[in-house]
Amino acid sequence: MNGATSQGGGNHLARTDQGGLYRELSRSNLPATKRWYGVVGLLLLVTLWGVGCFVYMMKVGMGVTGLNRPVMWGALIASFVFWIGLSHSGTLISAILRITNATWRAPILRGAEAMTAFALMVGGLFPLIHIGRNWRFYYMLPYPNSRQLWPNLRSPLMWDAVAINTYLLGSLTFLYFGMIPDLAIARDHSTGWRKKFYTVLALGFRGSHNEWRRYHVASTIFAILIIPVAVSVHSIVGWDFAMAKVPGWHSTIFAPYFVTGAIFSGLAGVVLVMAALRKVYRLERVLTVVQFENLGKLLCTLSLLWGYFYFAEFLTVWYNRNPEEWEVYRSYGGHFLPLWLSMVVCNFVIPFPLLCMRRIRRSIPALCFVSFLVVVGMYAERFLIVVTSLARRNDPFIWHNYFPTWVEFSILAGALAMFLLLYTVFAKLFPIMAVSDIQERLFQATDRVVGGTTVESLARPEASGEGEHG
């Protein structure tokens, strides 16, 4: 195996028979081991602990949190914004890569799309947790009523409920539709209850020419439709803040700023998830350095964009020196200094110069370290946006600082454990690699000798012949 092909992750896989390729890509679907049950049990315990703390908070009251006057939104709403931003990793990135026909996209599609669905499920719970009188959650739903007292279409809760449910439905549909060919492959390689399970989910897919043609057309349509939905969802989350006349929030830049930050944190999450899958399921031949290097390039670009947006926002406040707006930024040098430093250092000062270096982008441990910093920095940014503007509202007489209590930390830990639990169970039941997309790429791949080096090239399939490899 020469260096060129090993880095590209292509023709050395093409030399593997179809059965061997499927076995390599579906290691996650092997019978569960004691270690797997141990991990699932631990994650379930942490999740149940978070649920127990939520029940305790609902029974005793919101006073067990660190919320106070005027800081009525805290770590729970910051986590809501963070998880919804993290959900932009999969469906949006996957859709863009599908439309642009990026040849390196196949190994990361499924894992990223699953990350979107589970991050949305977790993030969508936080408004329900935070509302206090949780049994009145129906006030967030856009149901018709004859008295016209509710729903309040001017309420951000209403916007969030509509946007998140729409995005979740679209993401689950996008994820499931993309899995249909792989479920058919799994059906043909399985026995027992798994074969019956995959047979029902595969919807009779047999890989004929017409089925593949319709699949590719529908995949493109789904990808085109899901992009504006994904952008609009986090724009609405940004407008939750921008529509309020609160110092530090009332800004027209919030929608693009939030979308950029969402894709930034989502990409970092994809890198961490892909690195974990590569290590746990021994997918080194599939998730190669090429995928991580390209993700690193995207991270570098988004780090620069994030820095530009933050600088533009800071510059206008600094130049204008509106006392109410400026006081919010001044608080970054006091009680909130550790968070502000974490945000700037983890989102720009460290990632941007490091990701400009090819050696860092091609080092998976180094790229994971940078991605972890970005995740930490983006959570710090969400926390600062939510808390500081409330802690330094218009009247200095009501200024008050905020710090989460053990109840809030427990709920946050339970949310993270729930996300990991959902992902772990999904990877055990369903193909975590986009097998059909990888096979399609390998079908088009050929070896070419250029000088004294063998490199990988891709044949461009004609429209009339696509799908014959199904």
Side-chain angles (χ1 to χ4, degrees), residues 18-19 21-33 35-37 39-40 43-44 47 87 89-91 93-95 97-98 105-122 168-207 211 215 218-219 222-223 226 269-270 272-283 286-287 291 417-441 470:
Q18 294 294 316
L21 178 64
Y22 173 78
R23 287 191 296 272
E24 181 172 354
L25 298 180
S26 62
R27 287 197 183 105
S28 65
N29 303 134
L30 294 174
T33 63
R35 180 179 298 179
W36 186 86
Y37 281 115
V39 171
V40 168
L43 294 175
L44 183 60
T47 303
S87 70
S89 58
T91 304
I93 295 169
S94 174
L97 294 180
R98 284 183 186 273
R105 73 185 190 275
I108 68 172
L109 293 181
R110 182 69 39 73
E113 291 166 6
M115 185 175 172
T116 288
F118 301 140
L120 275 172
M121 292 178 186
V122 173
L168 179 59
L169 179 61
S171 297
L172 289 175
T173 304
F174 191 64
L175 172 63
Y176 174 64
F177 189 83
M179 282 199 302
I180 290 177
D182 294 344
L183 292 171
I185 297 174
R187 172 199 61 201
D188 298 336
H189 287 82
S190 303
T191 58
W193 70 269
R194 282 182 178 268
K195 187 175 184 67
K196 297 178 181 177
F197 179 65
Y198 294 138
T199 299
V200 173
L201 294 179
L203 302 178
F205 188 88
R206 293 295 173 183
E211 286 177 337
Y215 170 79
S219 296
F222 271 125
I226 203 68
V270 168
L272 295 175
V273 168
M274 291 299 105
L277 293 175
R278 185 179 191 266
K279 181 69 175 179
V280 173
Y281 299 118
R282 305 191 305 278
L283 296 170
V286 183
L287 289 167
Q291 279 78 35
M418 177 183 171
F419 171 78
L420 296 176
L421 177 63
L422 290 172
Y423 208 102
T424 303
V425 174
F426 175 85
K428 181 58 62 177
L429 293 177
F430 299 97
I432 199 62
M433 289 286 107
V435 181
S436 59
D437 287 275
I438 294 174
Q439 287 181 341
E440 178 180 5
R441 179 174 177 273

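Just so we're clear, the structure is a prediction, and the values are computed from it rather than from any experiment.
- Residues passing the ring-ring contact (aromatic ring centres under 6.0 Å, His included) test with Phe419 are Trp83, sequence neighbours excluded.
- Taking all atoms of both residues into account, the shortest heavy-atom contact from Ser171 to Ile226 is N-CD1, 4.1 Å.
- Thr116 approaches Ser87 most closely through the heavy-atom pair OG1-O, 2.6 Å.
- To the nearest 0.5 Å, atom OG1 of residue Thr173 and atom CG of residue Leu169 are 4.5 Å apart.
- With hydrogens and angles disregarded, a donor-acceptor distance shorter than 3.5 Å links the side chain of Thr47 to the backbone of Met418.
- The list of salt bridge (Lys or Arg N to Asp or Glu O under 4.0 Å) pairs with a residue in residues 418-433, not counting sequence neighbours, is empty.
- Across all non-hydrogen atoms, the minimal contact from Leu172 to Ala117 is CD2-CB, 3.7 Å.
- Atom CG of Asp182 and atom OH of Tyr198 lie 10.5 Å apart (nearest 0.5 Å).
- Within the 4.5 Å cutoff, side-chain heavy atoms of Leu44 are placed close to those of Leu421.
- Side-chain contact between Leu277 and Arg282 is absent, with no heavy atoms from C-beta onward closer than 4.5 Å.
- The two atoms that bring Ala32 and Tyr37 nearest to each other are CB-CE1, 3.6 Å, heavy atoms only.
- The two residues Trp193 and Leu429 have their closest heavy-atom pair at CH2-CD2, 4.1 Å.
- In this structure, Arg187 contributes its side chain and Leu201 its backbone to no donor-acceptor pair below 3.5 Å.
- The aromatic rings of Phe205 and Tyr215 stand perpendicular to each other, their planes meeting at an angle above 60°, with 30° marking the opposite boundary.
- Heavy atoms of other residues, nucleotides or ligands lying less than 6.0 angstrom from NZ of Lys195 number more than 12.
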* Trace of the side chain to side chain contact (heavy atoms under 4.5 Å, CB included) decision for Ile108 with Met115 -> CA-CA 11 Å; Ile108 68 172; Met115 185 175 172; over 6 Å; no
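- Atoms CG and CE, on Leu175 and Met179 in that order, are 4.5 Å from each other to the nearest 0.5 Å.
- The OH atom of Tyr281 lies 9.5 Å from the CG atom of Leu30; values are rounded to the nearest 0.5 Å.
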* Please lay out, stage by stage, how Trp36 and Val40 fare under the test side chain to side chain contact (heavy atoms under 4.5 Å, CB included). => CA-CA 6 Å; Trp36 186 86; Val40 168; 3.7 Å; yes
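- Distance check: Thr199 OG1 to Arg194 CZ gives 13.0 Å after rounding to the nearest 0.5 Å.
- A side-chain donor-acceptor contact under 3.5 Å links Arg278 to the backbone of Leu287.
- With rounding to the nearest 0.5 angstrom, the CE atom of Met433 is 8.0 Å from the OG atom of Ser28.
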* **Working for ring-ring contact (aromatic ring centres under 6.0 Å, His included), residues Phe197 and Phe430** => CA-CA 10 Å; Phe197 179 65; Phe430 299 97; 5.7 Å; yes
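- Nearest approach of Phe426 to Ala114, heavy atoms of both residues: CE2-CB, 3.7 Å.
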* Should Leu183 and Tyr176 be marked as a side chain to side chain contact (heavy atoms under 4.5 Å, CB included) after you check the CA-CA gap, both sets of side-chain angles, and the distance that decides it? -> CA-CA 9 Å; Leu183 292 171; Tyr176 174 64; 4.0 Å; yes
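- You'll find the side chain of Met274 stays beyond 4.5 Å of the side chain of Gln291, heavy atoms only.
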